[in-house]
Amino acid sequence: MRKSKSNPILTGVIGTPIGHSLSPTIHNYWIEKYGENGIYIPLEVSRTHFRDVIKTLPKMGFGGVNITIPHKEAALLCADLVADNAALLGAANTLSLRKNGKIYANNTDGYGFLQNLKETEPTWRAVTGPALVLGAGGGSRAIIYTLLREGVPKVYLTNRTIERAKLLQNDLGNRVKVIEYADLGTALNEVSIIVNTTSLGMIGQPEMKFPYDSLNHRTIVYDIVYNPLKTDFLKQAEIRGCRTVEGLGMLLHQAANSYQFWFGKLPEVTPELKNLVTEKLKA
Ligand code: ATR
């Protein structure tokens, strides 16, 4: 039996629904591995109660929380200090709760995206060529911001709802070029990386329709969907000779960055952790 801890640093994830979150598995693995006096718990909280809950957490001994759907925007409004990236993205997925009650908001999605890319494709260089991003939700915003900051010369962006893509372009600047889905073929000759940020291809969602035969084999294809681990989008890209990046690593690395805020050390994304989470996904 696990020994009970005295005055542990409480951490957790707040959202609704929260039952299927993989974050408790990931963070409790690291807490155990590094022998921290901590614990990470899922907290189901409605929109109505979100603000009150956040304000109460520091008094209860919480050191930090992750924030997930539907509270990422509301989390910013509760914070006393907002990191630049979270402010620019208009959303926070990590709150650090100081003993004096002050709340510090951050967004670790971009870090997770980039670390996963660097780990899987160490030779990738932003300046090599433009990127193509599919989808214009919160994930897309964090990824485009990161790609531009890294020095990608241009980001082609397409989305089912083109207006949403244009909003994103307005916020992130003129290196973002919105294109219609029908015009993808032309961009494919040019791009050095493609990132799917839509939910297409996820278990229970429709498959992506994509002009695979126009794919250049030198293009890296990255899917942020991690269930299944290897989406049909990635399989099709591999058939055309492309190198691919799976989404699970992004989830793990964004979690590692959150853990670092709370416990002061960057934890390792180990094969053992990947296996643990993969088993959880299958269950
Ligand atoms: P997140 O914040 O996690 O990125 P989101 O804001 O719900 O999630 O965005 C999901 C993305 O998947 C959006 O780009 C969405 O397109 P719309 O903006 O048109 O809604 C895209 N998406 C979801 N289902 C889709 C479908 N069936 N076909 C095409 N795109 C889809």
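Each ligand, and each atom within it, is numbered from 1 in the order the structure gives. Just so you know, these numbers use all the heavy atoms, side chains as well, and skip hydrogens, waters and symmetry mates.
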What donor-acceptor contacts under 3.5 angstrom involve side-chain atoms of residues 69-88, with partners at least two apart or in another chain?
unit_1 : atom_1 : unit_2 : atom_2 : d
His71  : NE2    : Val45  : O      : 2.8
Lys72  : NZ     : Asp109 : OD2    : 3.4
Asp80  : OD2    : Ile103 : N      : 2.6
Asn85  : ND2    : Asn107 : O      : 2.7

Next item on the list: Please name the residue in the list Ile26, Leu22, Thr270 that meets the side-chain contact (heavy atoms from CB on, under 4.5 Å) test with Leu252.
Entry: Ile26
At less than 3.5 Å, what protein N or O atoms come close to the N or O atoms of ligand 1? Include the distances to 0.1 Å.
unit_1   : atom_1 : unit_2 : atom_2 : d
ligand 1 : 2 (O)  : Gly138 : N      : 2.9
ligand 1 : 4 (O)  : Gly138 : N      : 3.3
ligand 1 : 4 (O)  : Gly139 : N      : 3.1
ligand 1 : 6 (O)  : Arg164 : NH2    : 2.8
ligand 1 : 14 (O) : Ala136 : N      : 2.9
ligand 1 : 14 (O) : Asn159 : OD1    : 2.6
ligand 1 : 16 (O) : Asn159 : OD1    : 3.3
ligand 1 : 18 (O) : Asn159 : ND2    : 2.8
ligand 1 : 18 (O) : Arg164 : NH1    : 2.8
ligand 1 : 19 (O) : Arg160 : NE     : 3.0
ligand 1 : 19 (O) : Thr161 : N      : 3.0
ligand 1 : 19 (O) : Thr161 : OG1    : 2.5
ligand 1 : 20 (O) : Arg160 : NH2    : 2.8
ligand 1 : 27 (N) : Arg160 : NH1    : 3.4

Next item on the list: Verify whether one side chain among Tyr156 and Glu190 offers a donor that lies under 3.5 Å from an acceptor in the other.
Entry: yes
Notebook entry, point to check: Less than 4.5 Å apart, any side-chain heavy atom of Thr25 and any of Leu273?
Noted result: no
Next item on the list: Can you tell me which residue pairs pass the salt bridge (charged side-chain N to carboxylate O under 4.0 Å, His left out) test with a partner in residues 260-270, sequence neighbours excluded?
Entry: Glu36-Lys265
Next item on the list: Taking side-chain hydrogen bond (donor to acceptor under 3.5 Å, both in side chains) as the test, write out the residues that go with Tyr259, two or more places apart.
Entry: none
